[in-house]
A.B. asks: 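I have a structure I would like to understand better, so I am pasting it below and will then ask my questions one at a time.
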Amino acid sequence: MNGIKQIFGKEMARILKDKKMVFSVFLLPVLIMVVLLTIINNLAGQMQSDIEEHKAIVWMQNEPDSFETFLASAGAEYDIRTIASDSDRGEAEDAILNGDADLLIEFPVDFDAMIAGFQEGDAVPQIKTYYNPSEEYSSQAYQEISVGVLESYRQTLLAGRVGNPDAITVFTVNSDNDDMVIQDDEKASGQALGMMLPYFITILLFAGAMGIGTDMIAGEKERGTMASLLVAPVKRSSIVLGKVFALMVVSGISSLVYVAGMVICTPFMMDSMTGMDEALNLNLGPDQILMLGLLLVAIAFLYSAVVALISVFAKTTKEASSYIMPVYMVVLVVGLLTMFRMGDGGPWDYYIPFYNSAIALQAILSHELTMSQYLITLVETLALGGILTVLIARAFNNEKVMAL
């Protein structure tokens, strides 16, 4: 036990006394993340403000006097341009295609006369609109005018025809139903973060272990200090455990710092996205926090053991990084799978190494994880980390491996 403490203390002291390493491992990623989220937030806010402040350019063909009067009474301000010929129509379509105009509204000829003289059996007049869904301004104009303004205009004309539009309204849908949403608020509050955090946690945990772990073992081989450490009066199993535990603590702390930074910054980024502020209102009880903490420790232990085991078989940190990269890609894919996971999945998902821990994190945040699923994930993750640690200890006792 004393040997483990000595190795653990040596590794932690080496890391924490190196200001450059502390900055690069704990602070630099957070700063980068904060800067990126701030830039994204500002750009998204500017884009939304620009769309809202934009004065839509609308081409009108056969615009009736009633619609012109309606727009004036409604206070709608658009840049109206009139199509008077076929060449104007072609110009309007080209402008919409190129993003220089937003919407084209085509009324039937003599629209007002058709409305005023409408008889049962006559063809119902059709107003056609044309827009470019790949342009933000055009999409916004379509939603605002085609869906909103023209519907209000239709209701106005209907009121002029029948007097009271409610007399011909068969039914309404949720016109005064304030309680139409039936959901578990705690489950809903964790869904947005439940999609993002498991991905970032798994990636950051592994990245933290990879950055430090390669230097702890392969780096010492490269510098020649591993040979002297192996002849010291300390059991090689103690050396392994001390290094793995130190790596686990460092990667765990770094991931907690990253996640804390993300949780603090993400609501600011989501301010510009409608409805996301409520979705990010995460509410975890003491039991969920405890489950989350224990699982993070287990994941950090597993990832540290993986990195350490691979590093044992490398001569240099560069070689170790190249060996670890394929495993890192697997972790990336596992994280992405949780972001696009639909439903509860199958019961066997919690038996799949690496993947089970990611979906367990997601289920904890959304309050959907059962105790049996949690225990399966936790025990399997710890057991797998323990098996890898035993393999590392055997590798340390193998002179051929350590002489690589």
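Not measured: the values here are computed from a predicted model.
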A.B. asks: Please tell me whether Phe313 and Tyr323 form a close aromatic pair, meaning their ring centres lie under 6.0 Å apart.
C.D. replies: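 Distance test on ring centres: not under 6.0 Å, no.
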A.B. asks: What orientation do Tyr153 and Phe107 show, parallel under 30°, tilted 30 to 60°, or perpendicular over 60°?
C.D. replies: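 Ring orientation, 0 to 90° scale: perpendicular.
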A.B. asks: Check for a donor-acceptor pair, side chain of Asn132 on one end and backbone N or O of Ser134 on the other, with a separation under 3.5 Å.
C.D. replies: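 Yes.
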A.B. asks: Under the criterion side chain to side chain contact (heavy atoms under 4.5 Å, CB included), I'd like the reasoning laid out for Phe67 against Asn62: C-alpha separation, chi angles, the key distance, then a yes or no.
C.D. replies: CA-CA 10 Å; Phe67 188 65; Asn62 306 321; over 6 Å; no
A.B. asks: Within a 6.0 Å radius of atom CZ on Arg14, are there more than 12 heavy atoms belonging to other residues, nucleotides or ligands?
C.D. replies: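 Enclosed: over 12 neighbouring heavy atoms sit under 6.0 Å from CZ of Arg14.
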A.B. asks: Are there more than 12 heavy atoms of other residues, nucleotides or ligands under 6.0 Å from atom CG of Asp50?
C.D. replies: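 Enclosed: over 12 neighbouring heavy atoms sit under 6.0 Å from CG of Asp50.
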A.B. asks: Would you please test Glu91 and Asp94 for side chain to side chain contact (heavy atoms under 4.5 Å, CB included) and show each step?
C.D. replies: CA-CA 5 Å; Glu91 180 185 349; Asp94 289 340; 5.8 Å; no
A.B. asks: Looking only at heavy atoms, what is the nearest atom pair of Asp112 and Ser66, with distance?
C.D. replies: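 Scanning both residues, the minimum pair turns out to be OD1-OG, 2.5 Å.
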A.B. asks: On a heavy-atom basis, which atom in Met114 and which in Val109 lie closest, and how many Å separate them?
C.D. replies: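 Closest pair (atom of Met114, atom of Val109, distance): SD-O, 3.6 Å.
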A.B. asks: Could you walk me through whether Glu222 and Glu319 satisfy the side chain to side chain contact (heavy atoms under 4.5 Å, CB included) test, starting with their C-alpha distance in whole Å, then the side-chain angles of each, then the deciding distance to 0.1 Å, before giving a yes or no?
C.D. replies: CA-CA 10 Å; Glu222 188 177 4; Glu319 185 180 350; over 6 Å; no
A.B. asks: Rounded to the nearest 0.5 Å, what separation is found between the CG atom of Leu157 and the CZ atom of Phe118?
C.D. replies: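 Result: 12.5 Å between the selected atoms.
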A.B. asks: May I ask you to decide if Thr317's main-chain N or O and Ser321's side chain share a donor-acceptor pair within less than 3.5 Å?
C.D. replies: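 Indeed, once roles are kept as given, a pair shorter than 3.5 Å links the two residues.
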A.B. asks: What pairs with Glu93 under salt bridge (Lys or Arg N to Asp or Glu O under 4.0 Å), at least two apart in sequence or on another chain?
C.D. replies: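 Salt bridge (Lys or Arg N to Asp or Glu O under 4.0 Å) list for Glu93, sorted by chain: Arg89.
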A.B. asks: In Å and rounded to the nearest 0.5 Å, what is the CG to CD distance from Leu337 to Gln362?
C.D. replies: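 Spacing of CG (Leu337) from CD (Gln362) equals 10.5 Å.
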A.B. asks: Table please: side-chain donor-acceptor pairs of residues 289-303 below 3.5 Å, with sequence neighbours left out.
C.D. replies:
none

A.B. asks: Tell me, do Glu106 and Gln126 make a side-chain contact under 4.5 Å, heavy atoms counted?
C.D. replies: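 Side-chain contact under 4.5 Å: no.
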A.B. asks: For residues 69-80, tabulate all N or O donor-acceptor pairs below 3.5 Å that involve a side-chain atom, not counting sequence neighbours.
C.D. replies:
{"residue": "Thr69", "atom": "OG1", "partner": "Asp65", "partner atom": "O", "Å": "2.9"}
{"residue": "Ser73", "atom": "OG", "partner": "Thr69", "partner atom": "O", "Å": "3.3"}
{"residue": "Ser73", "atom": "OG", "partner": "Phe70", "partner atom": "O", "Å": "2.8"}
{"residue": "Tyr78", "atom": "OH", "partner": "Glu144", "partner atom": "OE2", "Å": "2.8"}
{"residue": "Asp79", "atom": "OD2", "partner": "Arg81", "partner atom": "NH2", "Å": "3.2"}

A.B. asks: Heavy-atom distance under 4.5 Å between the side chains of Val334 and Met329, does that happen here?
C.D. replies: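 Side-chain contact under 4.5 Å: no.
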A.B. asks: With the side chain counted from C-beta on, respond yes when Ser138 and Leu103 share a heavy-atom pair under 4.5 Å apart, and no when they do not.
C.D. replies: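 No. Closest side-chain heavy atoms not under 4.5 Å.
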A.B. asks: Looking at CZ of Phe396 and CD1 of Ile239, how far apart are the two atoms once the value is rounded to the nearest 0.5 Å?
C.D. replies: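 Spacing of CZ (Phe396) from CD1 (Ile239) equals 6.5 Å.
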A.B. asks: Taking side chain as C-beta onward, heavy atoms only, is Leu104 less than 4.5 Å from Ile83?
C.D. replies: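 They are in contact (side-chain heavy atoms under 4.5 Å apart), so the answer is yes.
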A.B. asks: Taking the side chain as every heavy atom from C-beta outward, state whether Val307 and Phe206 have any atom pair closer than 4.5 Å.
C.D. replies: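 Yes, side chains in contact.
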A.B. asks: Walk me through whether Val330 and Val333 qualify under side chain to side chain contact (heavy atoms under 4.5 Å, CB included).
C.D. replies: CA-CA 5 Å; Val330 172; Val333 172; 5.8 Å; no
A.B. asks: Going from OH on Tyr328 to CD1 on Ile310, what distance comes out if it is rounded to the nearest 0.5 angstrom?
C.D. replies: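 Answer for the OH-CD1 pair, Tyr328 versus Ile310, is 13.5 Å.
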A.B. asks: Does Gln46 offer a backbone N or O that forms a donor-acceptor pair with the side chain of Ser49 under 3.5 Å?
C.D. replies: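 No; judged by distance alone, with no hydrogens or angles, the pair does not exist.
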A.B. asks: Below 4.5 Å, heavy atoms only, C-beta onward: do Ser146 and Tyr131 meet side chain to side chain?
C.D. replies: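 Not touching, per the 4.5 Å side-chain cut-off.
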A.B. asks: Return yes if some donor-acceptor pair links the side-chain N/O of Ser237 with the main-chain N/O of Ala393 below 3.5 Å, else return no.
C.D. replies: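 Checking the backbone N and O of Ala393 against the side chain of Ser237, no donor-acceptor pair under 3.5 Å is found.
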A.B. asks: Does Lys10 have more than 12 heavy atoms from other residues, nucleotides or ligands lying within 6.0 Å of its NZ?
C.D. replies: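 Count over threshold, so yes.
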A.B. asks: Taking the side chain as C-beta and beyond, is there a heavy-atom pair between Ile57 and Asp100 under 4.5 Å?
C.D. replies: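 Answer no - side chains too far apart.
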A.B. asks: Give every residue pair that meets the salt bridge (Lys or Arg N to Asp or Glu O under 4.0 Å) criterion with at least one member in residues 241-251, sequence neighbours excluded.
C.D. replies: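 Sorted pair list: Glu11-Lys243, Glu220-Lys243.
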A.B. asks: Could you list the residues that satisfy side chain to side chain contact (heavy atoms under 4.5 Å, CB included) with Ser85, not counting sequence neighbours?
C.D. replies: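 Ser87, Asp88.
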A.B. asks: Measure the CG-CD1 distance between Asn397 and Ile392 for me, rounded to the nearest 0.5 Å.
C.D. replies: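 One gets 12.0 Å once the value is rounded to the nearest 0.5 Å.
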A.B. asks: Are Thr214 and Ser311 linked by a side-chain donor-acceptor pair shorter than 3.5 Å?
C.D. replies: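 No, no side-chain donor-acceptor contact under 3.5 Å.
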A.B. asks: Under a 3.5 Å distance rule, please check whether Ser139 uses its side chain to pair with a backbone N or O of Glu136 as donor and acceptor.
C.D. replies: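 Checked: no pair found.
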A.B. asks: Taking the side chain as everything from C-beta on, heavy atoms only, tell me whether Val249 gets closer than 4.5 Å to Met12.
C.D. replies: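 The answer is yes; the side chains approach within 4.5 Å.
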A.B. asks: Please table the atom pairs, donor to acceptor, closer than 3.5 Å between any side-chain atom in residues 375-387 and protein atoms at least two apart or in another chain.
C.D. replies:
{"residue": "Thr377", "atom": "OG1", "partner": "Gln373", "partner atom": "O", "Å": "2.9"}
{"residue": "Glu380", "atom": "OE2", "partner": "Asn356", "partner atom": "ND2", "Å": "3.1"}
{"residue": "Thr381", "atom": "OG1", "partner": "Thr377", "partner atom": "O", "Å": "2.7"}

A.B. asks: With no hydrogens and no angle check, is any side-chain donor or acceptor of Lys315 less than 3.5 Å from a backbone partner on Ala320?
C.D. replies: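 Not at all, since once roles are kept as given, no pair shorter than 3.5 Å links the two residues.
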A.B. asks: Atom CG of residue position Asp86 - does it have more than 12 heavy atoms of other residues, nucleotides or ligands inside 6.0 Å?
C.D. replies: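 Atom CG in Asp86 is not packed in, count stays at 12 or less.
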A.B. asks: Between Lys55 and Asp102, is the closest basic N to carboxylate O distance under 4.0 Å?
C.D. replies: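 No, no charged N to carboxylate O under 4.0 Å.
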A.B. asks: Taking atom OG1 of Thr389 and atom CE of Met248, what is their separation to the nearest 0.5 Å?
C.D. replies: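 Interatomic distance, Thr389 OG1 to Met248 CE, rounded to 0.5 Å: 9.5 Å.
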